There are 2 protein chains.
Amino acid sequence: MTGTTLDDYTDRYARRVRGMTASEIRALFAVASRPEVVSLAGGAPYIAALPLDAVGEMLGRLGAEHGTTTLQYGIGQGLPELRERICEVMALSGIDASCGASPEDVVVTVGGQQALDLVARLFLDPGDVVLAEGPTYVGALGVFQSAQAQVVHVPMDDEGLIPEALEAAVADCARAGRRVKFLYTIPTYQNPAGVTLSEERRERVLDICERAGLLVVEDDPYGQLGFESEAPRPLRARRRDGVFYLSTFSKTFAPGLRVGWILAPHAVRDKLVIASEAQILCPSGYAQAAVSAYLGTMPWREQLKVYREVYRERRDAMLTALADLMPVGTTWTRPAGGLFVWATLPEGLDSKAMMPRAIAARVAYVPGTGFYADGSGSGHMRLNFSFPAPERIREGVRRLAGVMEQDIAMRRVFGQVSQQGRRGQAGADAPGPDLA
Amino acid sequence: MTGTTLDDYTDRYARRVRGMTASEIRALFAVASRPEVVSLAGGAPYIAALPLDAVGEMLGRLGAEHGTTTLQYGIGQGLPELRERICEVMALSGIDASCGASPEDVVVTVGGQQALDLVARLFLDPGDVVLAEGPTYVGALGVFQSAQAQVVHVPMDDEGLIPEALEAAVADCARAGRRVKFLYTIPTYQNPAGVTLSEERRERVLDICERAGLLVVEDDPYGQLGFESEAPRPLRARRRDGVFYLSTFSKTFAPGLRVGWILAPHAVRDKLVIASEAQILCPSGYAQAAVSAYLGTMPWREQLKVYREVYRERRDAMLTALADLMPVGTTWTRPAGGLFVWATLPEGLDSKAMMPRAIAARVAYVPGTGFYADGSGSGHMRLNFSFPAPERIREGVRRLAGVMEQDIAMRRVFGQVSQQGRRGQAGADAPGPDLA
């Protein structure tokens, strides 16, 4: 059997193997991580803003003094102490006992990704429809694809998801006989769009879902990272039933620990625990103890303020650079929190086709196509401002603007430049080994 | 929508939610963890045997000095440095470059559980058959149930899986038109049976699977924990293709870090990475750095010897206690490694029905029924010897023998005691709140 190929495995065992394709974003990150490249492509928090000496000391103690418990197996639902602290964190944004939030209904997960995957595993059958903002989180698209579900995108504007468009999508699916299971939404400081669902629309979106009998999966990794006035209360703070609330410590503490959670409707909490046990047995006891100790013994509320200030300064640097440097016809969102700006290119530019030239000019971003299930979005790009320093952000935008100006000039000379024509000229349009 | 019940969710969204039942073993562990109970129920390594001060110091440094990378996002496949060290670990048991093992084909996972779940996710469709030893790892049954696959058990004897029985199972499935995807096997120091597939049978099992076109999923968490002569080489050391090799640092270092791996056939490695990214985005960079530093800077080979010596002493304590104290008619396996003894009760005793009386007598074990997909196995129990100290093991076996003697005496007086009759008399047979 030496030399078995993928086709052998595919033909003999599972079509599913063929259905999955390598993530463009993963390939992109490999290139973007080179030091000479200004990466606006990531989604990483600025870990250097943490008090690493104190964190290290805390981590060391958890091993030396509490190793016989922290390094041992734990329970599937997660440490009770951590689940209590998670409730304190949620209470900051209004999800508290008054709306039925309880440590009993928290399930600790391997980051927000596993939280989402567990909900999908419990509720999605092949062919089911998930409604999601367009654009939406690329990792969510991976989950839904893996569950063999279909994503129907609902458009946003500056106030987030458009309720009328949501109603129309629900009606379209009903007419077509498609079974919609839930709305997946990132209402606050959305990834990648950077917009926030307005106060008034939150109630309308919930009403529409309730009338249609749809679950709501609310993903809220960024809600604590607002730069301006307070964000509207999460959807879960408004409805006790039918809303799964997902969040993570990846943006507010440290993604390397992989600790997230679901606040689940009480009736299905046990099922989520069983599904998680089948997947990972239990989340890391050590990582949970670390987050619990961080929340219990370190000034995490002050650290949130530090992150907010760092990110606000970087967002401002990005907005200023975009205004100063971007070609006419480019537009972008003005996020009140979170990590990302969503830019819309001048008519005719293609962010995916432009990528190799951007890398050659030592700047990286994520093409808009990564955030749509159908590969649309080539007229957009996601720009991250949380990780690079302000001066690097400006330099990155400058390089990017240069690439765009070049593309615009080419278009003026040659008219509509086809993929074919462009490839002939630049010789670099097809993803090379670096992007494969 | 206040007060939505599980039935509401089930009826409206997914039958799958109803199909899952609470794990008996999870419930059992909650009871067994009380200090007055001697628990022979667990599967935990004896973490106190680790040099916890040195481990703590190492963990602290990883945060304080390397936090900007260890606490940050990583890549889906896992740290290259750790994957190289994993290859060094596998080389100890004969899986090395000569049989095509390479860091390129290692995928780091959240313990052995995620490794198994990923393989299942890639290859199992609802209704597919998995062949597995009977009894087999309870967590594997959870994975296969979650994938809506059927398990067909293949019996073992003291030399492990019986090749003739495997052939018969393959033929039966073929005749019945059932699609078998793979053999799931724990060939070395099997959980729960404690037996090891003999040298000669390894080749025969591989041949049978190859002829039948079956993948082999080899789960090897215990292979490094042998007490006597060396274990036969793993299946993966004998075949390069068609074998997925799964292992974990949960038994040889620390389960609380949740670091395991798959050595995958090259052709499907990328698909496993994509499936893992959809599930957890990436494994914990911090936990991976910890395992990597443990393997790179600490005397892990010597620590393996420490574990082996501790466990051999405890196994001996258990075998001696069983021989001294068990009622006539009880038999048990004599494991040459690993963590478990599998005991077969005298005719007519029921390990599941006996459990509440055992807990009342302050001893816990796992009833054999947990290790069969069809709930058979009530004439057996799994006894763990890795965690309790030798004198506790003897005391636990003494308590257990007392409960069994009582049951035997009852049978002599009342003849075959039915579940119903027993419940009437003892008033404790139905799982009470402690076991629910």
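Hydrogens, waters and symmetry mates play no part in the numbers below; they use all other heavy atoms, side chains included. Protein chains get the first letters and strands the later ones, always in sequence-line order, with residue 1 at the start of each. Being a predicted model, the structure only gives us computed values, none of them experimental.
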Heavy-atom pair of closest approach, residues B:D105 and B:R269: OD1-NE, 3.6 Å
Option in B:G139, B:C282, B:A290 with maximal non-hydrogen atom pairs under 4.5 Å from chain A: B:C282
Where B:V119 and B:F244 come nearest, the two heavy atoms and their spacing: CG2-CD2, 3.9 Å
Selection from B:A289, B:G67, B:G56 maximising heavy-atom pairs under 4.5 Å formed with chain A: B:G56
Nearest atoms (heavy-atom pairs only) where B:T248 meets B:V259: OG1-O, 3.4 Å
Leading residue by heavy atom contact count with chain A [cutoff under 4.5 Å; candidates B:G256, B:G63, B:P51, B:G112]: B:G256
Contacting region of B:T70 [heavy-atom separation from chain A under 4.5 Å]: backbone
Heavy-atom contact with chain A under 4.5 Å, split by part of B:F249: neither
Top of B:G142, B:P255, B:A64 for chain A proximity - count of heavy-atom pairs under 4.5 angstrom: B:P255
Shortest non-hydrogen contact between A:F123 and A:D128, atoms and distance: O-OD2, 3.6 Å
Nearest heavy atoms of A:D117 and B:Q279, plus distance in Å: OD2-CG, 3.2 Å
Region of A:V143 in contact with chain B, defined by heavy-atom distances below 4.5 Å: both
